[in-house]
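For reference, the structure discussed in these notes is given below.
Note that ligands are numbered from 1 as they come in the structure, with each ligand's atoms numbered from 1 the same way.
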Amino acid sequence: MTNQNVVVPEATPAITVAAAAKPPVLFPYPPPRGGGASAAAAIRKKHLSQVELGESWTNAWLESMKTSSPIHAKVAASAAAVPIIEREQNEHSAWIVRHPSALSKFEQLMKATKGKQIVMFLDYDGTLSPIVDDPDSAFMSDAMRAAVKEVAGCFPTAIVSGRCRSKLFDFVKLTELYYAGSHGMDIEVRKGTKYTKKKKTVLFQPASEFLPMIKKVHKALSKKTKPIPGAKLENNKFCVSVHFRCVDEKNWRVLLEQVWLVLKEYPMLRITPGRKVLEIRPIIKWDKGSALQFLLDSLGFADSKNVLPVYIGDDLTDEDAFKVLRDRGRGIGILVSEFPKETNASYFLRRPSEVMEFLLRLVEWKRLSLEDGLE
Ligand SMILES: O=P(O)(O)OC[C@H]1O[C@H](O[C@H]2O[C@H](CO)[C@@H](O)[C@H](O)[C@H]2O)[C@H](O)[C@@H](O)[C@@H]1O
């Protein structure tokens with residue numbers, strides 16, 4: 001692997017998602033009860049400080065939701081002295097130098113893979129299927145499914161998603177893949193696949209003890225968010241997704257307040273932001289990056305210098321996996337994005353159709369190298 005494939009962004013680009021990291025990712029614990037105060041005073045005090053806490057929490061998240069929306073980023077940029085078009089063009093060009101297109105650099109990338117075992121990691125939403133308003137209708141095309149199937153025939157391939165594993169499988173429907181659902185907290189390495197000699201299917205669920213808590217939170221949030229038009233909850237088994245894509249911006253605060261009212265009782269849960277979604281998940285130190293490591297180990301590549309993981313994803317939660325690749329100094333992180341974003345990935349693809357093109361080129365490259373006896 002050349003150094004170029006593990007480029008670290010040097011400066012923060014224009015349309016950045018950094019602001020999304022600002023809100024308290026770890027949910028603050030409820031304040032301690034007052035010592036000698038009367039019960040009523042203690043309750044009042046607790047209530048007041050929770051209201052204060054709740055307000056700053058809500059404000060921080062509201063700000064994050066706004067700044068991570070491209071429309072808001074453009075409005076902010078237009079207030080600056082340099083005309084927006086010129087600014088965007090300059091920033092875009094600088095960003096592309098740091099994160100070239102994986103399609104335009106395909107040949108160069110493949111040279112770097114020589115003699116290495118590629119292992120493919122694919123995110124689902126926004127990577128294999130286009131982003132749509134209704135999460136239940138985010139189907140992948142038959143053409144994309146066929147491309148993923150071909151890739152899986154050439155390389156060990158895993159899907160890593162925020163969705164729960166069963167739903168993920170319902171969408172993808174390919175038995176030859178490995179699946180990591182709930183942001184990597186629900187991993188299945190099936191027995192009998194082409195690449196594992198495992199006699200038993202391995203199931204790894206590091207957050208299993210949180211299952212009852214997540215169920216309760218989902219139930220409570222369903223009730224509280226029901227009156228908010230457009231709000232949609234998804235039970236992703238070890239996490240809950242609170243979708244606000246279809247919520248009018250004037251109701252974002254109300255939505256956040258309802259989330260706060262439920263979550264203040266659950267200090268063992270945290271929130272991470274996604275694309276017009278708040279992902280509520282256990283506080284444990286486990287993410288898509290950990291899932292990538294776990295899958296590599298399970299597939300027998302724990303310390304292999306000859307393995308080259310390729311991870312393609314579009315979301316902030318995919319950054320954890322990009323970071324693992326960057327820290328390992330080996331592997332190719334590819335961000336799917338129409339806009340420049342702060343990222344740990346080294347390359348980019350604009351949209352799922354480009355992801356499909358990239359996958360098909362990989363398959364073709366593999367076929368040619370087998371024909372040429374290079375493998
Ligand atoms: O890790 P991923 O596979 O990218 O899953 C992350 C979340 O993706 C889904 O939500 C996103 O896609 C929806 C359908 O296009 C869209 O409506 C929503 O606004 C996006 O945030 C999924 O519904 C969530 O459960 C996943 O956690």
Can you say whether the rings of Phe204 and Trp286 are parallel (under 30°), tilted (30 to 60°) or perpendicular (over 60°)?
-> tilted

Classify the ring geometry between Phe358 and Phe106 as parallel (under 30°), tilted (30 to 60°) or perpendicular (over 60°).
-> perpendicular

Give me the residue, atom name and distance of the protein heavy atom closest to [atom].
atom: atom 23 (O) of ligand 1; value: Glu234 OE1, 2.6 Å
atom: atom 10 (O) of ligand 1; value: His243 CE1, 3.4 Å
atom: atom 15 (O) of ligand 1; value: Val132 N, 2.8 Å
atom: atom 4 (O) of ligand 1; value: Asp123 OD1, 2.8 Å
atom: atom 20 (C) of ligand 1; value: Arg275 O, 3.3 Å
atom: atom 19 (O) of ligand 1; value: Arg245 NE, 2.6 Å

Numbering as shown, the atoms of ligand 1 that approach Ala138 to under 4.0 Å (heavy-atom distance) = 14 (C), 15 (O)

Please identify which atoms of ligand 1 are closer than 4.0 Å to at least one heavy atom of Asp133.
-> 17 (O)

Using distance alone, with no hydrogens and no angle criterion, decide if Ser290 and Asp287 have a side-chain donor and acceptor under 3.5 Å apart.
-> yes

Lys288/Asp123 salt bridge by N-O under 4.0 Å criterion = yes

Got a salt bridge between Arg367 and Glu371, using NZ or NE/NH1/NH2 to carboxylate O under 4.0 Å?
-> yes

May I ask whether Pro130 has any heavy atom positioned less than 4.0 angstrom from an atom of ligand 1?
-> yes

Does Lys232 come within less than 4.0 angstrom of ligand 1, counting non-hydrogen atoms of the residue?
-> no

With Arg190 as the cation and Phe169 as the aromatic partner, state whether NZ or CZ is under 6.0 Å from the six-membered ring centre and within 45° of the axis.
-> yes

Pick one of side chain, backbone, both or neither for how Ser241 approaches ligand 1, counting any non-hydrogen atom pair under 4.0 Å.
-> side chain

